[in-house]
Each structure stands twice: as structure tokens, then as C-alpha cells.
Amino acid sequence: LKLQFLYLIAASPVFVLMTNMGVLKACALLMMLALASGAPFVDPAHDNSHLIKCNASADCGAGRECAVDANFKVDGDDQQVCLHKELFSGFSLRDGLTGFTVFVCTLMASSAGIGGGGLFTPVYIMLGGFIIQEATPLSHATVMGNALAQLLINFPKRHPYVEGKGKPLIDYAAPLLLLPPQLAGNALGVLLNPMFPPNALIIVAELLLVFAIYKVFTKARMYYKEECQQENAAKDEKVKIVADEAQGYSTDAVTKYSEEAHMMLEAESKVPKHYVLMMVVFWVLFACCFVGMKVAGTCSNIYWVLFSVLYPVVIAFVYAGVRMMKKHNEHRENLKLPAVRGSLSLDSKTLLVAPTLACGVGLVAGLLGLGGGELMAPLLLELGMVPKVASATSAYMIVWTTSSDIVHYITTADLNLAYTLFFACISFVGALFGRHYGLVFAQKYNRQSAIAFTLGVLLVISMVLFAVRAAETKVADPWWPFKNPCPSS
């Protein structure tokens, strides 16, 4: 306890000096709280089945120590198991290296508009010394810090192909169409995951990542060629490149549209509160079902009741979202307003295909344990969004998807306070810098393709880390049997 207070006193002036930016002050306070909190060891109280018994610390891996676990008893007797040390019971070089790596990963992930879960989980396992049951909640908390920082940066930004007051960079309509089916598919994927042989899932995951990488680099190359053509045209002074001529429009063109059209453009320049409100209502309903299913346990009676309730809710919200978006699109067409380049198309084909693909992304993410953002961002690019809009919208969606996991971890006490605050704050700060300067670079040098190329590189890294982690996982049965997802039923 004395050591923790010494850390707190020593760190206080450092954090004050490092937080001249107002947005970082709250994060600094949380970091100071992390310094002063914690027990000697990381040990969630509700589940100890994954812990390894030991006789001495030599039996444990790096970063872990053999200690008596007060939460783990057999026939009333305390057990000695390998526990991860608490953050500031002995801050180590390993902790510092892990934190630095998380910062670098967040810089890259935020510039591409993804959460980075495919990067953070292997980092926590390979560098931090955490086991998968500890690394997964930490990874979700880190992704949440990343996504919130991106939202803070993206919120005031405007669409790259709309002049004047413009419209928000984040496409608030797209999540109504994509997020409910994505979460529904994820819930189904998590349920079906135990059925499939681990080796088969690993192969499918790698093939899927290869396909996503190919599609992302194809899009990035397309945007790069287009940017080069625009540069050459501007240099030759043959064509004047103006945003509203590139399939966008200008809200300053006061004589071009009718008064009613201008009213609509004025409304589009603001955050659509009704879309956000619908997302809040859906998130509350989904979080209740999701947490309820987790707490009740897979295949219990309550689990199946909540599972059966979830899908009608998803269908109802997608239907309501489609109706709202079609009505808005028809109104725009009646006012003869052009479609905006880089936004999600609202034609009938897209309104049918996009939710189906989103459900597939969620299903695959749940089955394979991949981050939804790593797959949703390429899907948004494939649906026609330009990199700036796709990355901002993907980050906005990650806030909703990750927050439901955070609520679950809070209810089950799976989040260790000190490490959670430590890594979430590092992620938040890294994302502030990564997202800000990523957008500045894309704007200054007219290189939106850089965002897409960065996404492709991150997917390659995720694929390699996933393969390394899979190679280290011992699969007991080489015959790849299919299993019952409810073995106790």
C-alpha cells in the first residue's frame, strides 16, 4: 500500500505536466487512480477454471507468480495457482514494453478507423504474460479507449466531398442498416463456435483475412490511381478539381437548389438525432439480452428465451432503419439533390445486400474470434464509402459493439481496474494522435488511399499474429470432430 501511494505521489506532477490538452486531463486522473488501486495479483472472482495450479513461481510463465487464491477453493481449502501480478505491485519492464506496443498499435489502428482487437490480444498474451481469459477483456477495454478517442476526433469533421456546412464525416445512417444484423450474427457465431473443429476455424480465419486484405489493397490502389490522375490534371491546368464536381455538392450554391432543398441540406449538415436515438434504444435492448445470456449461461432456459427475443428485435430495427433511409432518399430524389460520393448507396440492392453481409461479418467474427471492426471496415469500403468516411463510420460502430462487452465484463468483475485503466488510457491518447494526424495527412496531401493502405497493412499484421497464436495453441484431437454446442444438454 505504501508503495502504491509513493507511485501516486511521484506520478502526479508528471501527469499534470503532460496534460496541457484539456481532453487528456480526465485520462490523467484515471491513470492516477490506476496507480493507487489494485491488489497484489490479478484475479477475477467469478471464474477460476482456467488457472494453472502450481507449487512455486518457477512453475508459472513470465509475469506470473505462484500464490494462494482466496477465490479458488477445493473442498474448502485454498489453492496455489499461477496469477498475474498486479500493475503497480511491481511495475516492470514488461509492463512498460507492453504499454509502448499498445500505444504504437493504437496509432496505426486509429488512423485506419479500426479498434485493433486483432493486435491487442496477441500483444497481451505474448508480451504482457496474460492468458487468453485475461487478455480478452483487456483487449476490449483497450479497443473502447481507442474508439472513444476516434469518435472525439471524427465528430466535428465534415464529409470530404461536400463543401460549405457540409455533412458529418460519420455516416450515422449506415449503422442502422449494418450494426443490428452484425451483432445478431455475432451472437449466433459465439453460440456455434464450440461446434466446429479449432483447426478448421483457424484455416477459415486465415483465408478470410487473405480475402479481406486483397479487397482492401485493391480499393486502396484504385483510390491511389484516382488521386494521381487528379494531381496530374490539376498540374496540367486542364481540369479544376473541386469537391462538389466529384459527385458531391456545395451547400453554398444558393441559386442551384430550391428553398426546400436548402432546408434539407441544412438538416443534413447536423448530426441526425433520430438515427442516434434509434441506436441508443437498440443498444440498450441488445445489451440487456447479451449480458443476460452471458450471465445465464449458454443453452440454459433463460439463454434460449433471450436468444429468441434478440432476433425479432434486430429485424424490427433493421426494417425501421430501412424505411427511414428509403424515405430520406426518395425525398432527396424529389428535390433533385445529387448523391454524395463516398456515402452508402441507398438503392434497393444495397438495402437488401448490406444487412446480409453485415450479418455474415458478425457470424464469422463470432465463430473465429476476430474483431468485427477488422472485417466491417473492408465491407464499408466495398459498399462504396471512401476511406475517410468508412474509417470514421467503422470507429463509430465499434463504440456500440464494444460497449456491450464492457457492460458484460463489469457485471462479471472480469475487468482488473489498474490494468484496464492503464491500457485504456494509453489507447485513448494514442488514438487521439493517430486519428488526428492520419486525417491531417490525408487532407493535406489528398491521400485518402493512405487510410486504406494502412488498413491493409494492419490486416496483414493481424493475420500473422493470429497464425502465431494458433500455432502455439495445442489442439487435443487431430481428427477435427464436430461437437455439440450444448454438451451438458
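When every heavy atom of A173 is checked against every heavy atom of Y275, the shortest pair comes out as CB-CE1, 3.5 Å. Between R94 and L127, the shortest heavy-atom contact is NH1-O, 2.6 Å. The shortest non-hydrogen separation linking Y303 to A296 is N-CB, 4.1 Å. Summarising the geometry of L380 relative to A390, their closest heavy-atom pair is CD1-O, 3.5 Å, with the distance given to 0.1 Å. The two residues P181 and V314 make their nearest non-hydrogen contact at N-CG1, 3.9 Å. Scanning all heavy atoms of the two residues, the minimum distance from M108 to V457 falls at CE-CG1, 4.4 Å.
Side-chain contact of Y419 with D95: a donor-acceptor pair under 3.5 Å is present, judged by distance alone. Judged by distance alone, the side chains of S391 and R435 do bring a donor and an acceptor atom under 3.5 Å apart. Side-chain atoms of N146 and Q150 form a donor-acceptor pair, as typed in the model, at a separation below 3.5 Å.
Between S139 atom OG and F130 atom CZ the span is 12.0 Å, to the nearest 0.5 Å. The CE atom of M376 sits 9.0 Å away from atom OG1 of T401, with the distance rounded to the nearest 0.5 Å. Taking CG of L107 as the start and OG of S427 as the end, the distance is 9.5 Å to the nearest 0.5 Å. A distance of 12.0 Å separates CZ in F120 from NE2 in H140, rounded to the nearest 0.5 Å. Between H274 atom NE2 and M278 atom CE the span is 9.0 Å, to the nearest 0.5 Å. To the nearest 0.5 Å, the span separating CG on L285 from CZ on F317 amounts to 5.0 Å.
Side-chain contact between F155 and V271 is present, with at least one heavy-atom pair separated by less than 4.5 Å. Side-chain contact between M279 and P175 is present, with heavy atoms from C-beta onward closer than 4.5 Å. Counting heavy atoms from C-beta on, the side chains of C359 and Q182 never come closer than 4.5 Å. Residues V313 and C289 are not in side-chain contact: their nearest non-hydrogen atoms beyond the backbone lie 4.5 Å or more apart. Using a 4.5 Å cut-off on side-chain heavy atoms (C-beta onward), I426 and T106 make no contact.
Around OH of Y224, the count of heavy atoms belonging to other residues, nucleotides or ligands within 6.0 Å does not exceed 12. Other residues, nucleotides and ligands contribute more than 12 heavy atoms inside 6.0 Å of the CG atom of L207. Within a 6.0 Å radius of CZ in F103, other residues, nucleotides and ligands contribute more than 12 heavy atoms. More than 12 non-hydrogen atoms from other residues, nucleotides or ligands lie less than 6.0 angstrom from CG of L277.
None of T101, T142, T98 except one satisfies the side-chain hydrogen bond (donor to acceptor under 3.5 Å, both in side chains) rule with Y124; the exception is T142.
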As a quick check of understanding, evaluate side chain to side chain contact (heavy atoms under 4.5 Å, CB included) for Y311 and L188, giving each step before the final call. CA-CA 10 Å; Y311 287 88; L188 181 60; 3.3 Å; yes
Determine, stepwise, if the pair V143 / I114 fulfils side chain to side chain contact (heavy atoms under 4.5 Å, CB included). CA-CA 9 Å; V143 169; I114 63 175; over 6 Å; no
Would R221 and K225 count as a side chain to side chain contact (heavy atoms under 4.5 Å, CB included) if you check the C-alpha gap in whole Å, the side-chain angles of each, and the deciding distance to 0.1 Å? CA-CA 6 Å; R221 188 165 175 268; K225 283 185 176 181; 3.4 Å; yes
Would you check, one step at a time, whether the test side chain to side chain contact (heavy atoms under 4.5 Å, CB included) holds for L152 with L148? CA-CA 6 Å; L152 187 65; L148 288 174; over 6 Å; no
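Residue pairs satisfying the salt bridge (charged side-chain N to carboxylate O under 4.0 Å, His left out) criterion with at least one member in residues 379-394, sequence neighbours excluded, are listed as follows: K215-E382.
S110 pairs by the side-chain hydrogen bond (donor to acceptor under 3.5 Å, both in side chains) definition with nothing, not counting sequence neighbours.
Checking side-chain atoms of T393 against main-chain N and O of D171 turns up a donor-acceptor pair under 3.5 Å. Within the 3.5 Å criterion, the main-chain N or O of L151 finds no donor-acceptor partner in the side chain of Y396. Of the possible polar contacts, none joining the T402 side chain to the V399 backbone as a donor-acceptor pair under 3.5 Å is found. Without hydrogens or angle criteria, T218 side chain to Y214 main chain gives a donor-acceptor distance under 3.5 Å.
Between W304 and F307, the gap from one ring centroid to the other is short of 6.0 Å.
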